[in-house]
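Note sheet for the following structure.
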Number of protein chains: 2
Amino acid sequence: MALPEFELESFLPYRLNRAAEFIALRFAAQYKARYQLTRPEWRTLAALGSSGRSMTATEIGVHSSMHKTKVSRAVFGLEQRRWLKREEDGRDRRLEHLALTPAGLSAYGELTELARAYQAELSTTLGADNMKALSKGLRAVERAIVRSAGYARPSKI
Amino acid sequence: MALPEFELESFLPYRLNRAAEFIALRFAAQYKARYQLTRPEWRTLAALGSSGRSMTATEIGVHSSMHKTKVSRAVFGLEQRRWLKREEDGRDRRLEHLALTPAGLSAYGELTELARAYQAELSTTLGADNMKALSKGLRAVERAIVRSAGYARPSKI
DNA sequence: AATAGATAGTTACGATTGTAACTAATATGT
DNA sequence: ACATATTAGTTACAATCGTAACTATCTATT
């Protein structure tokens, strides 16, 4: 009569969600307080800044697993701050190439300082080899994401 | 003049968020289609079902890293389906002990079947030892969550 | 060249969310 | 014992989000 065992504590989606929420919140508090940035705005800024090149909105969405309307609004927000500018593609006028302005780049630089500090703090808290293990596991998930983006419709991510 | 390096690809909050979002979405599609459950409702049901005992709303929130208003609404939703009942604490009348009804338990049983299947699929996709690594890393984060809940205000999580 | 289908991105709108304020109860300090 | 602070949980409200529909453009088929 006993139910077959199920340990929520070992169920990956639940654990990942919980961990992500916990880890993200503390960092979000910093850039929110300092720059009034929303999470999608920070993620968009980070995607652009880290890539070191211009990207389309769709690319940003795939890269960060954000819904396209989220990206669209984040881009609009960053544009209003003049941290980002759009440039129309010459050949395909549906595409917009998004790039950080000097002001955007400088904000990105300051934010990466915070990020670096937070990452260092995490490394101390979690321990170096737990970080390594986490990183290895995440890399496997990332490969799965890339693979599935290849087959399936990216807009559904 | 070059900015100090920052690799978004190695920044834990970003990576965790992306992975969690990706992994959770596929599973959410299943319980949404099958039971019209929301994510907070599933997480609440799972926390209760898996613990095998009654819990308070606050305990559920800490356990699942969900905001207390999210928990409050999820509890209300599950109560309306008659999957959960509340019982007042005799000594402290602010507390409500939440427990699954037989119907709730049976739904939980069916959902854990889906969960188990999904976990198995993930294990195949990611590979057993990547799962192990991920699990080890998550366990470290979980310890950090527990520690911080001890000191800091849990309502802020 | 014309039509149908696909894709990039935006937006209207209903649903979901978090903040802050609230109620009700308990705990604490004097 | 009384005032004050704290805690559990709910709710009003404004902000945010995702679905679906939309515009504009491009690609493929005939």
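Computed from a predicted model, the values in this text were never measured in an experiment. Throughout, protein chains are lettered first and strands after them, A, B, ... in sequence-line order, and every chain is numbered starting at 1.
- Residue Ser72(A) places at least one side-chain N or O closer than 4.0 Å to OP1 or OP2 of dT10(C).
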Listed pairs under 3.5 Å, donor-acceptor, residues 46-54 of chain A side chains, sequence neighbours left out:
residue: Ser51(A); atom: OG; partner: Leu48(A); partner atom: O; Å: 3.1
residue: Ser51(A); atom: OG; partner: Arg53(A); partner atom: N; Å: 3.2
residue: Ser51(A); atom: OG; partner: Arg53(A); partner atom: O; Å: 3.2

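- For residues 74-84 of chain B, the pairs satisfying side-chain hydrogen bond (donor to acceptor under 3.5 Å, both in side chains) are Glu79(B)-Arg86(B), with sequence neighbours left out.
- Applying the ring-ring contact (aromatic ring centres under 6.0 Å, His included) test to Phe27(A) and every residue at least two apart in sequence or in another chain returns Tyr31(A), Trp42(A), Tyr118(A), Phe11(B).
- Arg26(B) is linked by a side chain to side chain donor-acceptor pair (under 3.5 Å) to Glu121(B), counting only residues two or more places apart in sequence or in another chain.
- Side-chain N/O atoms of Arg86(B) include one lying less than 4.0 angstrom from OP1 or OP2 on dT10(D).
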Using the 3.5 Å cut-off, write out each protein N or O paired with an N or O of nucleotides 12-17 of chain C and the distance between them.
residue: dA12(C); atom: N6; partner: Arg73(A); partner atom: NH2; Å: 3.3

Sort me out a list of protein N/O and nucleotides 3-6 of chain C N/O pairs below 3.5 Å, or just none if empty.
none

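- Taken over five-pair windows at either terminus, the axes of the helix from dA1(C)-dT30(D) to dT30(C)-dA1(D) are inclined to one another by 30° (rounded to 10 degrees).
- Side chain of Asp92(A), nearest nucleotide from dT10(D), dC26(D), dG9(C): dC26(D).
- At dT16(D), none of the side-chain N or O atoms of His67(A) fall inside 4.0 Å of OP1 or OP2 (strictly under the cut-off).
- Taking 4.5 Å as the limit, every side-chain heavy atom of His97(B) sits out of range of all side-chain heavy atoms of Met55(B).
- Between Arg93(A) and dT27(D) there is no side-chain N or O to OP1 or OP2 distance below 4.0 Å.
- For Glu87(B), the salt bridge (Lys or Arg N to Asp or Glu O under 4.0 Å) test picks out no residue, with sequence neighbours left out.
- Here Arg73(B) pairs with nothing under the side chain to side chain donor-acceptor pair (under 3.5 Å) rule; sequence neighbours left out.
- In this structure, Arg143(A) has no side chain to side chain donor-acceptor pair (under 3.5 Å) partners at least two apart in sequence or on a different chain.
- Counting only residues at least two apart or in different chains, side-chain hydrogen bond (donor to acceptor under 3.5 Å, both in side chains) contacts with residues 7-20 of chain B comprise His63(A)-Glu9(B), His63(A)-Tyr14(B), Ser135(A)-Arg15(B), Glu142(A)-Arg15(B), Glu142(A)-Arg18(B), Glu9(B)-Arg18(B).
- Evaluation of the ring pair (Phe, Tyr, Trp, His ring centres under 6.0 Å) test over residues 122-146 of chain B, restricted to residues two or more places apart or in two chains, returns none.
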